[in-house]
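Before any comments, here is the structure.
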Amino acid sequence: MAEVKEFTLPDLGEGLTEAEVVRWLVEVGEVVAVDQPVVEVETAKAMVEVPCPYGGVVTARYGGEGEELAVGAPLLTVAVGADTSAPAAAEGSGSGGADGVVAEADGADAAGDGGAGETSGAVLVGYGTGAPPARRRRVRPTPVPAAAAGQVNGVASGYGRHAVTPEVPVRAEAAEPAPGPVPVISPLVRRLARQNGVELRTLTGSGPDGLILRADVERAIGAAGAPAAAEPSAAAASAPAADAGEVRIPLRGLRGVVADKMSRSRREIPEATCWVDVDATELLAARRAMNAAGGPDAPKISLLALLARICTAALARYPELNARVDTEAREIVRLERVHVGFAAQTDRGLVVPVVRDAHARSAESLSEELGRLTGAARDGSLTPGELTGSTFTLNNYGVFGVDGSTPIINHPEAAMLGVGRIVPKPWVYEGELAVRQVTQLSLTFDHRVCDGGVAGGFLRYVADCVEQPAVLLRGV
């Protein structure tokens, strides 16, 4: 007799309490192996594929695509030890649809895919680790009579709290989609495609490396003669009538986390900002010399890496700004290690990847790590651990073509350095008027951890290093 086990949404770490189902990777009735990814979810920090710690036949799924689930809520149920050559159960109603599929497999393969004795090798909070994952395979969905669809080897399909009764009709999939990940980053693009019945795997993206963009989905919708606008949700239908043209966007997911964090920062931190215009001509020249010395095949050092290296040197001189405030204990906590976060704008919104132990890295190492994290941020593959734990943030808003800003501190840090665009401007250089490459630096700091003298000293040291990079040699 098969044992049915319920797999709940695991704790994905870093204080996350919920996740949105982006895409199911398995169907009800499909045989899954231990540690096989079964669902792709989007947390407030990253896109994550969740592996199942059990091997067997999927008997029910909970949560439709686009639905938010809390940590601990059921994801799916698996019949462990079932004879997978028998018809599988119908899909649970929590998956957002009434249609089910079934799987067939020979007994030898099924035994290799998981049984009651297999344990998960994936690190899932609440599930532990164990043996390495078994061999994975995909099974072909096949239609079966409705009378057989309600059981797996004689075990009823009504496992879980929302399982569908055997009376639900069963159909086979018309065609199995092409294997491999769909080249889509933005959850908004996925949602638009779902709401309008567009199969993303059939599209050819017009973005870099075939990335599917919103315009590609809208073209597909127009070609099919379907309206591009999403149907109103039940919540919107029940809401009071709004003015024509009013759009309501839920504050959830990444946008909700950003809103909560920024609000908390403004409530708790008495921040102040100071700024200075600096001549970055010599810093740009130093960067060109470094890259030329490395040869044509050597990795290039980015300007952001040089600014990060300057910041770590400045924090060594002014450790008051590498700190946080423990409000309950009424203590300032100074931190020995410097983890530099940097603001990165992505299709999912603003994220802050973190370079660990930046104080121990060279400019070349910083440039390499910044490049890796930037690429991961753009394709949505950053882990929660790579998005938390920063002690100081560097914000290069000059890439947006603006000169200055008074950014909100990334709670619970004590300071953030902003860098504006670098543009040619008239400047007095060595007693004469000249055209130089000028930028504006702004420092927003927590006035609880230091006074203006410390903040001004930090900013002035950074400005001196930008104007005369040789100043850094004193600390090498």
Side-chain angles (χ1 to χ4, degrees), residues 9-22 37 40-51 68-71 122-125 184-188 190 251-265 269 302 304-305 307-308 311-312 322-324 335 337-361 365-397 399 407-418 444:
L9 180 63
D11 181 355
L12 299 173
E14 304 297 340
L16 299 172
T17 59
E18 60 186 15
E20 178 180 333
V21 177
V22 174
E40 186 180 66
V41 299
E42 181 186 17
T43 71
K45 299 182 180 295
M47 203 85 75
V48 181
E49 285 189 351
V50 180
E68 283 193 350
L69 298 178
V71 169
V123 180
L124 296 173
V125 177
V184 179
I185 294 177
S186 172
L188 298 178
R190 292 181 184 273
L251 277 175
R252 66 181 188 185
L254 176 61
R255 188 73 261 164
V257 169
V258 171
D260 293 340
K261 196 166 189 178
M262 296 299 98
S263 297
R264 183 179 181 184
S265 180
I269 300 178
S302 67
L304 189 64
L307 292 169
C311 285
T312 59
N322 193 51
R324 59 181 174 83
L335 307 169
R337 299 164 67 186
V338 179
H339 305 315
V340 173
F342 64 99
Q345 192 70 39
T346 71
D347 287 344
R348 297 181 62 235
L350 182 67
V351 296
V352 183
V354 181
V355 178
R356 304 282 171 182
D357 295 316
H359 61 287
R361 294 177 180 267
S365 174
L366 284 169
S367 186
E368 181 181 356
E369 183 67 357
L370 286 166
R372 183 188 72 82
L373 291 171
T374 299
R378 287 173 179 167
D379 63 27
S381 62
L382 286 171
T383 65
E386 292 172 328
L387 287 164
T388 54
S390 58
T391 64
F392 181 89
T393 294
L394 182 59
N395 188 357
N396 181 19
Y397 43 74
V399 296
I408 300 175
I409 293 176
N410 187 23
H411 186 278
E413 298 170 18
M416 175 187 293
L417 181 73
T444 300

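FYI, the numbering just counts along the sequence from 1.
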Just verifying a value: how many Å separate [X] [atom1] and [Y] [atom2], rounded to the nearest 0.5 Å?
| X | Y | atom1 | atom2 | value |
| --- | --- | --- | --- | --- |
| Ile408 | Asn395 | CD1 | CG | 11.0 Å |
| Asp260 | Ser265 | CG | OG | 12.5 Å |
| Glu49 | Ser381 | CD | OG | 11.0 Å |
| Ile409 | Met262 | CD1 | CE | 10.0 Å |
| Ile269 | Arg264 | CD1 | CZ | 9.0 Å |
| Thr393 | His411 | OG1 | NE2 | 12.5 Å |

Give the minimum heavy-atom separation between [X] and [Y], together with the two atoms involved.
| X | Y | value |
| --- | --- | --- |
| Cys311 | Leu417 | SG-CD2, 3.5 Å |
| Ala343 | Leu350 | CB-CD1, 3.9 Å |
| Ala259 | Ser263 | O-OG, 2.9 Å |
| Ala308 | Leu394 | N-CD2, 3.8 Å |
| Leu9 | Ala70 | CD2-O, 3.6 Å |
| Leu382 | Pro353 | CD1-CG, 3.8 Å |

Exercise for the section: With side chain to side chain contact (heavy atoms under 4.5 Å, CB included) as the test, would you mind laying out the steps for Leu370 and Val355 before giving the verdict? Expected result: CA-CA 7 Å; Leu370 286 166; Val355 178; 3.7 Å; yes
Problem - Side-chain donor/acceptor of Glu386 to backbone N/O of Thr383, under 3.5 Å - result: yes
Exercise for the section: Report yes or no: does Asn322 contribute a side-chain atom to a donor-acceptor pair with the main-chain N or O of Arg337 at less than 3.5 Å? Expected result: yes
Handout entry: Residue pair Val41 / Val22, side-chain heavy-atom distance below 4.5 Å
Key = no
Exercise for the section: Side-chain contact test, heavy atoms from C-beta onward, threshold under 4.5 Å: evaluate it for Arg361 versus Thr312 and give yes or no. Expected result: no
Problem - Candidates Val340, Asn396, Thr374 - the one meeting side chain to side chain contact (heavy atoms under 4.5 Å, CB included) with Leu304 - result: Asn396
Problem - Within residues 340-360 or reaching into it, pairs that qualify as ring pair (Phe, Tyr, Trp, His ring centres under 6.0 Å) - sequence neighbours excluded - result: none
Practice task
Please list all pairs passing the ring pair (Phe, Tyr, Trp, His ring centres under 6.0 Å) test where one or both residues lie in residues 367-393, with sequence neighbours left out.
Solution key: Phe392-Phe458
Problem - Heavy atoms from other residues, nucleotides or ligands near CD of Glu368 exceed 12 (cutoff 6.0 Å) - result: no
Problem - Option passing side-chain hydrogen bond (donor to acceptor under 3.5 Å, both in side chains) with Ser390 (candidates Arg356, Glu413, His339) - result: Glu413
